[in-house]
Amino acid sequence: QVQLVESGGGLVQAGGSLRLSCAASGSIFSFNGMGWYRQALGKQRDLVAFITSSNSTNYADSVKGRFTISRDGAKNTVYLQMNSLKPEDTAVYYCAAHKLRVGVPPLTTYWGQGTQVTVSS
């Protein structure tokens, strides 16, 4: 059973910073990739940042240069450092672990419960 537990959300002013943490129940290297997604009120859930097992990273254009995804294998934890936060960053942020497998569908995604990030102006 895979469990992902997020923490670090909260209320900050525009220009401030937060660091989100996602603790996995097992080795993060057992997944093909892990990512952070966000869902603003009334909108779809979108990719924010992604990191592969080989440590390659990708970011949404809206957060490039401001957010950084990283991992700590010893702690089985993935982080999202968010700097220069903007009101439009307000959303519920979800951690996800992706696993390729033999089956239908071939990609399995495990989700955390989400943590609220609110950025005031």
What heavy-atom pair brings [X] and [Y] nearest, and what distance separates the two atoms?
{"X": "C22", "Y": "M34", "result": "SG-CE, 4.2 Å"}
{"X": "L4", "Y": "A97", "result": "CD1-N, 3.7 Å"}
{"X": "E6", "Y": "C95", "result": "OE2-N, 2.5 Å"}
{"X": "T90", "Y": "A40", "result": "O-CB, 3.7 Å"}

Around Q113, counting heavy atoms of other residues, nucleotides and ligands shown, do more than 12 lie under 6.0 Å from its CD?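 Count not over threshold, so no.
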Are there more than 12 heavy atoms of other residues, nucleotides or ligands under 6.0 Å from atom CD of Q3?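 Counting neighbours around CD of Q3, 12 or fewer heavy atoms of other residues, nucleotides or ligands fall under 6.0 Å, so no.
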Indicate whether any N or O donor in one side chain lies under 3.5 Å from an N or O acceptor in the other, for [X] and [Y].
{"X": "R38", "Y": "Y93", "value": "yes"}
{"X": "R66", "Y": "S84", "value": "no"}
{"X": "N32", "Y": "S53", "value": "no"}

Any donor-acceptor pair under 3.5 Å from [X] side chain to [Y] backbone:
{"X": "T77", "Y": "A23", "value": "no"}
{"X": "R101", "Y": "P105", "value": "yes"}
{"X": "T115", "Y": "G9", "value": "yes"}
{"X": "R45", "Y": "Q39", "value": "no"}

Spell out, yes or no, whether [X] and [Y] are grouped together once hydrophobic residues are joined by side-chain heavy atoms under 4.5 Å, including indirect joins.
{"X": "Y110", "Y": "V78", "value": "yes"}
{"X": "I28", "Y": "V2", "value": "yes"}
{"X": "V12", "Y": "L20", "value": "yes"}

Interatomic spacing from [atom1] in [X] to [atom2] in [Y] - rounded to 0.5 Å:
{"X": "M82", "Y": "T68", "atom1": "CE", "atom2": "OG1", "result": "11.0 Å"}
{"X": "R19", "Y": "S7", "atom1": "CZ", "atom2": "OG", "result": "8.5 Å"}
{"X": "L85", "Y": "S120", "atom1": "CG", "atom2": "OG", "result": "10.0 Å"}
{"X": "T52", "Y": "N58", "atom1": "OG1", "atom2": "CG", "result": "8.0 Å"}
{"X": "N83", "Y": "S17", "atom1": "CG", "atom2": "OG", "result": "3.5 Å"}
{"X": "Y59", "Y": "L47", "atom1": "OH", "atom2": "CG", "result": "11.0 Å"}

Going by the ring-ring contact (aromatic ring centres under 6.0 Å, His included) test, which pairs reach into residues 16-44, not counting sequence neighbours?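 Qualifying pairs: Y37-H98, Y37-W111.
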Got a salt bridge between K86 and D89, using NZ or NE/NH1/NH2 to carboxylate O under 4.0 Å?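 The answer is no: the pair does not qualify as a salt bridge.
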Before you tell me yes or no, could you show the steps for V48 and D46 under side chain to side chain contact (heavy atoms under 4.5 Å, CB included), namely the whole-Å CA-CA distance, both residues' side-chain angles and the distance that decides it to 0.1 Å? CA-CA 6 Å; V48 176; D46 293 324; over 6 Å; no
What I'd like to find out is whether the side chain of Y79 reaches to under 4.5 Å of the side chain of I69, using heavy atoms alone.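 Heavy-atom side-chain distance check fails, nothing below 4.5 Å.
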